[in-house]
Amino acid sequence: MYRRSKRKIFREMLRKIAQIKMEFAEEMSPASGLSEQLQNNLQRFKNELHSSTDLTIRQFTIGFNMERAAAIVYIDGLVDKTQIEWSILKPLMAPAEILTPLSEDDLLPQIVAKLILVGEAKQQDNLCLIIESVLTGSTALLVEGIAAAVVIGTPGWEKRSITEPEAEVNIRGPKEGFIENLRSNTAMLRRKISHPNLTMEQMTIGQKSKTNICIVYLKGVAPDPLITEIRRRLRKINTDVIVGSGGLEQLIQDHPLSLFSTIGHSERPDVVAAKIAEGRAAIMIDGTPYALTMPFLLVENFQYPDDYNFHFIYTTLMRWIRYSAFFISFISPAAYVALTTFHQELLPTPLLITMAAATEGFPFPRVVETFGMGFAFEVIREGGTRLPRPIGQAISIVGALVIGQATVQAGIVTAPTVIVTALTAVTAFVFPTLADETAILRILLVVVTGFLGAFGLMMGLLVILIHLTAIRSFGVPYLTPLAPIELRGLIQDVLIRAPWWMMWKRPWQIAADDARERQQFRLMPRPPEKEQDETSK
Amino acid sequence: MKKTLIRLFLFITIILFTNGCWNYRELNQLAVVAGTGIDPGKKPGTVQLTVQLFKPGAVQSGGGGGGTGGGSGPQQLPYTVISRSGKTIFDATRNFLAETDRRLYWPHNQVIIIGEEQAGKGVRLVLDYFARNNEPRPTIWILVAEEKAKEVLNAPGNLEKIPAMEISQLIQAQPAASKNVMINLQDFVGRLLSKTTAPVTTLIKTNESGGKRKLTLSGTAVFKADRMVGKLDGRETRGLLWVLGKVKRGVIVVKAPGGKVGLEITRSRTKVKPVLAGGKLKIKISIMEEGNLDCQMSPKELTKPEMLKSLARRETAVIRGEIDAALAKAKELKADIFGFGDMIHRSNPKAWRQMKKKWDQIFPRLQVEMDIRCVIHGVGLIIPPLAPPPE
């Protein structure tokens with residue numbers, strides 16, 4: 001009781017501190033009103049931005065006789081300068097008779113209505129909001145004698161052109177990938193699904209970074225509770241800066257401590273569009289080429305965009321190769337340790353002789369060897385990833401040669417251990433999104449097996465299995481359709497990848513209840529019927 | 001149902017994978033036993049255990065590519081043979097620690113060879129260890145050596161590097177000829193536990209040929225209770241296999257006009273039925289055999305249907321002769337190697353209760369009725385013989 005109340009009090013205190021901080025922050029923000037004097041306003045701009053050098057103020061005069069002073073304010077580098085010159089400055093600085101007779105109240109609406117040639121322009125009198133827009137690429141127009149400004153949307157900053165994604169390669173699919181610009185990314189999705197129901201809800205997260213994020217889903221197909229839950233989780237985020245998709249992912253994950261990721265990510269518009277079409281939702285974040293998709297299930301780690309381009313039998317074979325590669329990569333080092341140090345009776349006799357011959361005279365126990373080689377492999381992998389590409393390859397070659405060959409020849413590590421480690425490494429390349437999780441668990445399994453043998457291996461696998469069955473992604477069990485067993489899901493996209501004309505239902509538990517059907521039931525191509533024969537005559 | 005199946009699957013997985021115990025040992029701490037031999041020790045009441053051990057250091061790893069690494073230096077044998085005596089088998093196994101630094105590791109043991117002398121004294125007590133212990137597998141082949149088991153284990157193999165492996169493969173190759181029995185520990189113990197069925201094992205001996213000693217399978221050893229009482233030769237063994245229904249493949253040579261003909265057995269089915277009619281016991285054996293004409297040493301064309309039928313009749317006679325020979329030998333030894341006693345026990349337990357005690361007197365006078373049918377199906381790729389047609 002005592003403890004509980006103590007914790008309660010502590011929480012209360014924390015909440016109060018946060019509240020005070022927030023209030024304080026608001027106090028610090030500029031008084032919202034603008035003054036009528038232009039110079040005064042410009043000075044306040046400078047003060048608010050601490051005279052940052054990229055703040056650009058251009059003063060000029062407007063009116064038929066150039067009688068009224070005015071200024072535009074923008075951040076250099078965030079705006080399209082040509083647009084400012086031709087669509088704002090040129091019409092304003094030309095002698096315009098319509099402005100002179102107007103009263104101060106009518107002036108700004110008339111400027112917006114008749115002179116500004118930019119699509120996005122509106123009057124705003126809150127300095128706080130004006131600064132916010134200027135910081136995201138807008139231009140503010142201030143006029144002497146008026147306590148308001150026109151905020152004109154002139155964003156135009158440098159962005160990367162659309163290129164082929166490097167991390168997710170495919171052969172027959174589209175070659176475009178997301179870029180760091182939110183608008184371009186949402187446009188790519190729109191081009192894939194141009195239905196009015198493709199809904200994009202925008203939000204701004206991060207008090208300082210003001211990152212724009214966008215929840216994208218197909219209304220009517222994505223279940224409403226899912227969208228409500230995503231909104232709720234995003235609204236709860238109260239942080240200063242959101243940097244990347246990974247950071248956001250960690251803030252909204254179902255099981256923050258679990259090794260397994262319950263939110264997917266992709267930099268391919270086709271993948272994200274396909275997931276949205278199945279009834280999932282995506283979160284696009286400005287400034288990162290990765291979109292988050294949810295709910296995300298274990299089986300999705302084995303589904304690649306090319307699966308749906310190739311023949312379904314071939315794809316099914318590939319799926320099974322991936323599954324077996326996963327298991328080999330996952331348990332082969334531990335199974336190797338178990339077989340060579342505890343259960344030699346499980347080895348076929350000729351294999352036992354070969355293995356015994358290969359291990360004769362080597363100094364370290366098999367567990368230490370396997371553990372060490374696994375460690376060395378992770379080091380090489382990390383080195384290869386972080387270093388610039390040309391050096392990275394050199395590292396891999398040196399690592400492979402030195403560790404693979406020299407250690408065996410020098411009689412330090414046995415050849416079977418090197419083979420098992422290499423097998424583990426090669427098979428891990430088949431499922432890149434799960435590679436990190438398996439790397440950790442593999443090492444843990446080797447350790448447990450080193451103590452307990454196959455019993456330890458089984459216990460370890462059971463613990464992992466139980467954990468996998470326990471976690472959920474946005475309400476959907478992570479092992480669906482394997483663990484709450486669902487036959488259609490299994491034969492449609494897991495055990496076999498059915499041909500497109502068979503996948504006439506969306507995945508169960510993902511799509512909304514009344515949007516299960518994806519397409520017409522009989523879509524299998526057939527030869528033309530008889531009536532068509534008659535027309536051909 | 002689905003749930004039960006999943007549970008069952010889980011249970012089986014767990015049982016399969018968790019029966020190990022806390023016994024960490026590296027591969028290079030084991031003395032892996034390839035073959036075992038049992039002989040009586042020098043002192044009365046002791047046994048001498050001979051083991052053939054793998055010598056991993058001498059096995060060249062990477063067979064084909066060994067050209068660069070190995071080759072130099074004298075070839076070491078990839079196995080070693082050691083003998084030790086003890087009061088019991090288990091005692092002897094631990095006595096080995098006096099000369100090996102590694103503990104004997106039994107799961108990969110291929111064969112148990114019992115010396116003829118020990119076989120004559122009884123095998124029940126020496127096999128107990130192998131049946132009781134969890135390390136030796138119940139599928140080890142059991143053989144009786146026509147000499148000392150130690151001698152057999154010391155003989156080098158013909159084709160394989162490790163003689164014990166060769167013996168094991170030799171036995172597994174037997175069904176192609178069906179002239180030797182294949183008996184593993186489990187079968188042997190099963191027969192040993194029966195009150196009437198006589199255990200049998202394969203016989204092995206070493207032959208001196210060309211200055212080299214070679215291993216040869218040489219028939220079947222017949223036990224009465226747990227003592228070896230006699231031997232069957234190849235023909236008698238085939239007769240035994242016919243009755244047991246274990247002839248799967250093999251060659252039957254029959255006489256034909258103009259020369260001999262080799263007939264291949266491709267399939268056979270045996271039914272044995274004890275019949276008790278009017279107080280008289282009769283064993284009915286019916287055999288259905290199918291085969292091909294595989295080679296003919298006669299210049300005459302034998303592939304005509306009538307001729308094939310007559311060949312099949314001769315084949316029947318050969319099979320009958322083989323069974324008769326086996327029966328005669330078994331009756332002479334008073335050893336029920338066919339398991340007729342157990343068959344009667346199963347089919348007519350009441351009658352068996354009276355027969356049980358007198359079985360040793362009943363068996364030698366047992367009446368056996370045979371119904372053998374042979375069919376020859378194919379004659380191969382050519383029809384006339386490879387000889388000039390008679391003018």
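Here the structure is a predicted model, which is why all the values come from computation and not from measurement. Per chain, numbering begins at 1; letters A, B, ... match sequence-line order.
A 6.0 Å sphere centred on CZ of A/F371 holds no more than 12 heavy atoms belonging to other residues, nucleotides or ligands. Counting non-hydrogen atoms of other residues, nucleotides and ligands closer than 6.0 Å to CD of B/Q172 gives a total above 12. Heavy-atom contacts from other residues, nucleotides or ligands closer than 6.0 Å to CE of A/M318 number more than 12.
The shortest heavy-atom contact between B/N28 and A/T359 is ND2-O, 3.0 Å. When all heavy atoms of A/A357 and B/P56 are compared, the closest pair comes out as CB-O, 3.3 Å.
With rounding to the nearest 0.5 angstrom, the CZ atom of A/R366 is 4.5 Å from the CD atom of B/E26. Residue A/E345 holds its CD atom at 15.0 Å from CH2 of B/W106, rounded to the nearest 0.5 Å. Expressed to the nearest 0.5 Å, how far CG of B/L10 lies from CG of A/L465 amounts to 7.5 Å.
For A/L457, no part lies under 4.5 angstrom from a heavy atom of chain B. For B/Q29, no part lies under 4.5 angstrom from a heavy atom of chain A.
Of the possible donor and acceptor atoms, none in the side chain of B/H108 sits under 3.5 Å from a partner among the backbone N and O of A/I353. Distance alone, capped at 3.5 Å, places no donor-acceptor pair between the A/Q344 side chain and the B/P107 backbone.
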